[in-house]
Colleague: 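Just passing along the structure, written as structure tokens.
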Amino acid sequence: MQLSDEHIMLKVCQGQIEQLGLLFERYHIRLYNFYLRTTFDEDLSNDLTQQVFERIIKYKHSYKENAVFKSWFYQIARNVQHDHFKKLKLNIDSLDKVHSEKNIKFADNDQEYAEKEDRLKIMYAALEKLPHDKREILVLSQLEEMEYKDLAKLFNITENLVRVRVHRALQLLKEVVQKYNLNR
Amino acid sequence: MRYEEIEPHLIDFLKGKTDEATEYRIKDYLQKNPEFQSELDALKDTLFFVKKAPLADVKPHLKMDFYAMLSEAQKNQKSKKSFQIWLENVKLWWTMPKFKVAFAMGFTLTAITLWFAVSQKNIQKNSEIANKNQQETQKVLPKNIDTKKVKTDKKPKSIDDVYVDNNKTIQPIETKSATASNMGEPMMSDMAMKMEEKSYSRVVNKDNYAPLDTDKVKKIYEKNVNLKDYLSYIKNNENVHQQLAALSELEKYAHLEEVRTQVLAQLPYIKNTHLQLATVDWIVKNNILEGALPLNRLLEQELHPVVRDCVEDALESM
């Protein structure tokens, strides 16, 4: 039987830091993709992912026993992202301008990845057209599959408002996809 | 049914995750607004488009970096002392607004408690100083003078009583009443005789009295001085012992106008508590009614409570 994220995190809090490896295995790809879909920068996503786990080790005692790990985890992820742009004295909304001309590079150039690469590029192109806040909530809800109640806690808004915002973000994405004929 | 009401549930509807009531409401809305169906289909396509997007692969060094970091953290954790962990926690708590409020409240309470404790300590200290001063004052004054007794007895205490059991360094000077002595012939007190035998080797309390000039005191008691000298000792001498001795010997001349005038004239200017008491006693003993005026003048000064009581009693007895 697989241990829950919360259970593992509690063990980490109790000093069993090596248990964090399990959480890393479960979340690092999703976290990396969350950053990639919101910043469109591979190196930056890599660094930020690393920083999140560093921060978890540093602030492991801030995790509350009855908290949902995923919410706490993405809260740290958002804070790391905000701190990064704050450090560079950049507004997070300026991401679109910063990375608009940056091409996403893929490690593998094999044939089997060609289709995957193509689809990702299309999606990034569509997401890139969204404002950061809409992009973030859409990625967290539909791609990271976070529950509405967890998102409500994360964004400090009501669950109903989360639903509305996700719907509006999706609607905007729909318009972008239709406008640029990306849905091939 | 309004669009705003179904809007929050549209994505769940597309995923087939809505409850029956909501599904019914959305379907009802679609029935009434068929043009919305195309909108919903487009939304479903977009959702599918998002969902089918694969996850990008991470770079291999991310994993390596993480495990290197984890290994380092494990090493650090072992070497980390409990104090450092505590400090980290405090730093962490400090970032929480509730902790800041709690800390501010705690700090305020501590400050108030400290202030209260310090103020109480100061009050206690002041009280101790006051008690000490009072004890010192009592030490300077004769111990056997009971102010209550002075009041109830309505009789001024004699200078003999004042000096009995007083500071051991000051020997009592016992006087003889003028009525008991042979009139016209100076009488030596018993103490004076003792002093003669001991060659006047008394030790004087330095704090209250000038060093005792034994020769002069001896002269006084040996009656080797005349009346003018006695008066001179009363007036122009700073040595309380000599003044007291002279005052004692002057009792036999109390009937003389000159002596009474001189002693009474000095009374308001006497600062020494013992001499004040002795002089008041002298006036009462010799029943000098003219003493009322200088006694009243003495009362205008700042007096020790015992002296004040004695003076008031003396005035009453006149």
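Note on naming: letters A, B, ... go to the chains in the order of the sequence lines (proteins, then strands), and numbering restarts at 1 for each one.
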Colleague: Using non-hydrogen atoms and a 4.5 Å limit, figure out which bit of B/Leu10 sits close to chain A: side chain, backbone, both or neither.
Modeller: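 The side chain, not the backbone.
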
Colleague: Is it the case that atom CD in B/Glu4 sees more than 12 heavy atoms from other parts of the structure closer than 6.0 Å?
Modeller: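 More than 12 heavy atoms, drawn from other residues, nucleotides or ligands, come within 6.0 Å of this atom.
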
Colleague: Please report the interatomic distance NZ(B/Lys59) to CG(A/Asp43), rounded to the nearest 0.5 Å.
Modeller: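 One finds 4.0 Å between NZ of B/Lys59 and CG of A/Asp43.
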
Colleague: How many angstroms lie between CZ in A/Arg30 and CG in B/Leu55, if you round to the nearest 0.5 Å?
Modeller: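 CG of B/Leu55 is found 8.5 Å from CZ of A/Arg30.
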
Colleague: More than 12 non-hydrogen atoms from neighbouring residues, nucleotides or ligands closer than 6.0 Å to CD on B/Gln120, yes or no?
Modeller: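 Yes, the 6.0 Å shell around CD holds more than 12 heavy atoms from other groups.
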
Colleague: Distance-only check: which donor-acceptor pairs under 3.5 Å involve side-chain atoms of residues 157-164 of chain A, not counting sequence neighbours?
Modeller:
unit_1: A/Thr158; atom_1: OG1; unit_2: A/Leu161; atom_2: N; d: 3.2
unit_1: A/Arg163; atom_1: NH1; unit_2: B/Asp12; atom_2: OD2; d: 2.6

Colleague: Measuring from A/Gln142:CD to B/Lys15:NZ, what's the distance to the nearest 0.5 Å?
Modeller: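 It comes to 3.5 Å.
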
Colleague: Less than 4.0 angstrom from a charged side-chain N to a carboxylate O is my criterion; do B/Glu7 and A/Arg165 meet it?
Modeller: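 Looking at A/Arg165 together with B/Glu7, the answer is no, because their closest N to O distance does not fall below 4.0 Å.
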
Colleague: Would you indicate whether B/Lys51, at its atom NZ, is surrounded by more than 12 heavy atoms from other residues, nucleotides or ligands within a distance under 6.0 Å?
Modeller: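 Count over threshold, so yes.
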
Colleague: Quick check on B/Lys17: does its NZ atom have over 12 non-hydrogen neighbours (other residues, nucleotides or ligands) under 6.0 Å away?
Modeller: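 Open: at most 12 neighbouring heavy atoms sit under 6.0 Å from NZ of B/Lys17.
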
Colleague: Taking distance alone, no hydrogens or angles, what donor-acceptor pairs closer than 3.5 Å link side-chain atoms of residues 13-25 of chain A to residues at least two apart or in another chain?
Modeller:
unit_1: A/Glu18; atom_1: OE1; unit_2: B/Gln74; atom_2: NE2; d: 3.3
unit_1: A/Glu25; atom_1: OE1; unit_2: B/Lys63; atom_2: NZ; d: 3.2
unit_1: A/Glu25; atom_1: OE2; unit_2: B/Tyr67; atom_2: OH; d: 2.7

Colleague: Please round to the nearest 0.5 Å and tell me the distance separating atom CG of B/Leu40 and atom NZ of A/Lys174.
Modeller: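 Those atoms lie 9.5 Å apart.
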
Colleague: Does CH2 belonging to B/Trp115 count more than 12 external heavy atoms closer than 6.0 Å?
Modeller: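 Count not over threshold, so no.
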
Colleague: For atom CZ of B/Phe48, decide whether the heavy atoms of other residues, nucleotides or ligands shown that lie under 6.0 angstrom number more than 12.
Modeller: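 Atom CZ in B/Phe48 is not crowded, with 12 or fewer foreign heavy atoms closer than 6.0 Å.
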
Colleague: Can B/His61 and A/Asn46 be said to form a side chain to side chain contact (heavy atoms under 4.5 Å, CB included), step by step?
Modeller: CA-CA 9 Å; B/His61 71 83; A/Asn46 215 51; 2.7 Å; yes

Colleague: So which part of A/Arg37 gets closer than 4.5 Å to some heavy atom of chain B, the side chain, the backbone, both or neither?
Modeller: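 Contact with chain B is through the side chain of A/Arg37 alone.
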
Colleague: If you take all heavy atoms of A/Tyr32 and B/Asp57, which pair is closest and at what distance?
Modeller: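 Nearest pair, atom of A/Tyr32 first, then B/Asp57: CE2-O, 3.5 Å.
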
Colleague: Would you check if A/His28 and B/Phe66 make a side-chain contact, meaning some heavy-atom pair closer than 4.5 Å?
Modeller: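 In short, these two side chains do not touch, never coming nearer than 4.5 Å.
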
Colleague: Chain B heavy atoms under 4.5 Å from A/Ile57: which part of the residue, side chain, backbone, both or neither?
Modeller: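 Only the side chain of A/Ile57 comes within 4.5 Å of chain B.
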
Colleague: Please look at A/Val166 and chain B and tell me whether the side chain, the backbone, both or neither of the residue comes under 4.5 angstrom of a heavy atom of that chain.
Modeller: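 Both backbone and side chain.
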
Colleague: Shortest non-hydrogen contact from B/Thr46 to A/Leu170?
Modeller: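 Nearest heavy atoms, B/Thr46 then A/Leu170: CG2-O, 3.9 Å.
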
Colleague: Looking at chain A, which one of B/Asp65, B/Val58, B/Leu14 has the largest number of heavy-atom pairs inside 4.5 Å, strictly under?
Modeller: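 Among the listed options, the one with the most contacts to chain A is B/Val58.
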
